[in-house]
Amino acid sequence: MTWLVSLPVIIPMIAAGLALALSKRNRAQGIISMVALTAVLGVSIVLIFVTHTQGPQVVNVGGWAVPVGIALVADRLSALMLLVSAVVLLGVLAYSLAQGLADGSKGAPVAIFHPTYLVLAAGVATAFLSGDLFNLYVGFEVLLAASFVLLTLGGTGERIRAGSIYVIVSLLSSILFLISIAMIYAALGTLNLAQLSERIIELDAGLRTVLQIMLLMGFAIKAAVFPLSAWLPDSYPTAPAPVTAVFAGLLTKVGVYAIIRAQTLLFTDGTLDTILMVLAVLTMLVGIAGAVAQDDIKRLLSFTLVSHIGYMIFGISLASDVGLSAAIFYVAHHITVQTALFLVAGLIERRGGSTSLDRLGSLAKVAPVLGVLFFVSAMNLAGIPPMSGFLGKVGLLQAGLADGSGLAIAGVAVGLGTSLLTLYAVVKAWNKAFWQQAPQVLPETTVPRAMVGPAAALVAIGVLIAFVGGPLYAYTDAAARDLRARTPYVNSVIVDGERGAGESSQAEDSGAAEDATNPAEDPSGTETADPRPSERASDEPSDDEAGER
Amino acid sequence: MSPSLALVGVVGVLVGTGVYLLLERSLSRVVIGVTLISNGVNVLFLIAGGAAGGPPLIGTTEPEQMSDPLPQALVLTAIVINLGLTAFVLAMAYRSWQLHGHDEVQDDLEDRRIAQRAARDEIDSRADDLGTDLAAEAAEARDETEKVGLDSSHHGAQLAADDDEVSADATEPRDPSVGDPSAGSGGGAR
């Protein structure tokens, strides 16, 4: 069944090529993307079951096993992220197809929309599945390149303005990531996550902290953690509604996913947990303060996005099974609800002609369905009891209380305050857009049913997560336990001790002497290990001195 | 392993210069800055690969004297990715020049708004903002890069360009040879 793991990357890539070849035929492109993403959805459902019952699945790309080749790994976390992202990608695609149909050929998404969208899907899947730091970087770059194109689609002045900030910030975060990859390779002689997690223990603590800071900086820019979040609220609102929706839902969560991987596989000693928790609390506070001050729905939602990233980072920084489990649950909930909200905001823009809260009004009378959709997903975001947002927040708050440290208790308090402020912000938006008298006459349009459908479906999925809350929590508990234990992941990637099965016979001869389970103790055999670890071992005393100085 | 001091120096100069250029407001300088930093990082990968040795072929070089081929493969990948992204940023800078007549990175809308509010010496903006939205405000707000006494026709053109129907022809006086392909690409992209 391991071949399944490569499909979420391969299918969208091939489909993107096909869609590009058929760029003159819009309908064919739409069918191709629909089929491809449905297939990815099917594969990820199967992957959930397979990883849940049989443990992590590994594909050695090209038949070369771990120390030589690149591995794609699907564990419970990856499979869940893949499933949620496939659902969201499919829903947004249906929405944008309906938008294209409703607008006729003039307003239809440009011919490159479908290929780029599929490449984005492939990039997201690569990032989720990659078992290797450099492959993770490549996945990031693939999805970033696609997101650049989607964000500046059509090349209008406003989008170029917002796009240039986004592009520069993204390039900078990628460069930071690349620098930390180079330094990790110089220090440890491998980039495979499983091998790294075994070898990183022998590193000098100070050096390890430096590497951790650099990696987390790159990821935190992508995930929009305060104070590295300033680019987000300005970049997202200008894009077309479907693009904003998928960005808000997925792209920041890829950064959160990378932080989870780094914190659970590589840096388990908890050096930066306190700082991370402080940043999480600040992210919640600053984000929601920005949201309260906004008078434009899309910008308001962008700020709530930043704020709620803080919840996930809080869960990660608790460094406990329950905290991590709640964070994963929250990621799954937040991807769906945030995407749904941005889709509904797109519908509001179509119906009311604007997203400015000063211009909208009395939408509840003319578009009651929109009112219900916005209200339900807004309440879900704020975490009103029966909804999935409530379950996610309760899990996080319980984990914070279980932790019991002063900072964690403060985080719980801020988390509660943040959800109240979220409630205030979205209720204010709802009142202004739907309830108050319209300050000016609204345009006489109707929203196409075909666009309401996908948005309503995503809103419903966001609510339905509450009904599967129990099983989902059981699943994320298991995922968090595996992540923190590390052994399921590492053992499935590194099968026969260090070497794996993908070596040439010559290499086997030179590496035959090595049968130690800990590769660090016998660095002479593998090519990737070089002679450096031994030299580093001799350097270590001096490193320690340097650390003390 | 002690890395070559010359290589470390090269990395330092490339990244330092790149960061300086990255802080400029002009997109074309940013492109050059990003390119310099990326090349600096590529050299950093070479340092990470350890001392140079023989070609990593079994039978040609003794295993102890082989150089590490992996960083070079990584650098190759990074170069390809960087090439694509540089091309994209250049296209974006060109588009910005087409639309605005410059390729400068403009202010965040929020920053513009706050600056505008400060200029009007207001405390609360929302009480009397009725009927304006961000796009209109952004067009009115004075950008640092624009000249203070800029005529309003420029702003009008900018606003028009903000709509989905891109009327690039009204924005900048250009010779037809430039205008034709851009119109063609606009039509093709739609």
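Computed over heavy atoms, backbone and side chain alike; hydrogens, waters and symmetry mates excluded. Reminder, nothing fancy here: chain letters follow the sequence lines and each chain counts from 1.
Looking only at heavy-atom pairs under 4.5 Å with chain B, the residue among A:Ser174, A:Gly290, A:Pro240, A:Ala182 that has the most is A:Ala182. Top candidate by heavy-atom pairs under 4.5 Å with chain A, chosen from B:Ile37, B:Leu74, B:Val41, is B:Leu74. Note: A:Val149 leads A:Leu172, A:Thr238, A:Val142, A:Val149 in heavy-atom pairs under 4.5 Å with chain B.
Using a 4.5 Å heavy-atom threshold, the side chains of A:Glu349 and A:Ile297 count as separate. Inter-residue side-chain proximity for B:Leu85 and A:Glu141 is flagged as met; some heavy-atom pair is nearer than 4.5 Å.
Using a 4.5 Å cut-off between heavy atoms, A:Leu144 makes no contact with chain B at all. Heavy atoms closer than 4.5 Å to chain B are found in both the backbone and the side chain of A:Phe148. The part of A:Thr152 that comes within reach of chain B is its side chain, from C-beta onward, which places non-hydrogen atoms under 4.5 angstrom from that chain. With a threshold of 4.5 angstrom between heavy atoms, A:Ala162 does not approach chain B through any atom at all. Within the 4.5 angstrom heavy-atom criterion, only side-chain atoms of A:Ile168, from C-beta onward, approach chain B. For A:Leu171, the part sitting under 4.5 Å from any heavy atom of chain B is the side chain, from C-beta outward, and nothing else. Within the 4.5 angstrom heavy-atom criterion, no atom of B:Leu46 approaches chain A.
Within the structure, salt bridge (Lys or Arg N to Asp or Glu O under 4.0 Å) pairs that include any residue of residues 10-24 of chain B comprise B:Glu24-B:Arg29 (at least two apart or interchain).
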- Task: Please test A:Arg299 against A:Asp234 for salt bridge (Lys or Arg N to Asp or Glu O under 4.0 Å), starting from the C-alpha separation and ending with a verdict.
- Result: CA-CA 8 Å; A:Arg299 290 182 72 89; A:Asp234 193 49; 3.7 Å; yes

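The six-membered or imidazole ring of A:Tyr137 lies away from that of A:Phe140, with a centre-to-centre distance of 6.0 Å or more.
Of the possible polar contacts, none joining the A:Ser130 side chain to the A:Ala127 backbone as a donor-acceptor pair under 3.5 Å is found.
Shown here is B:Leu57, whose CG atom has more than 12 heavy atoms of other residues, nucleotides or ligands within 6.0 Å.
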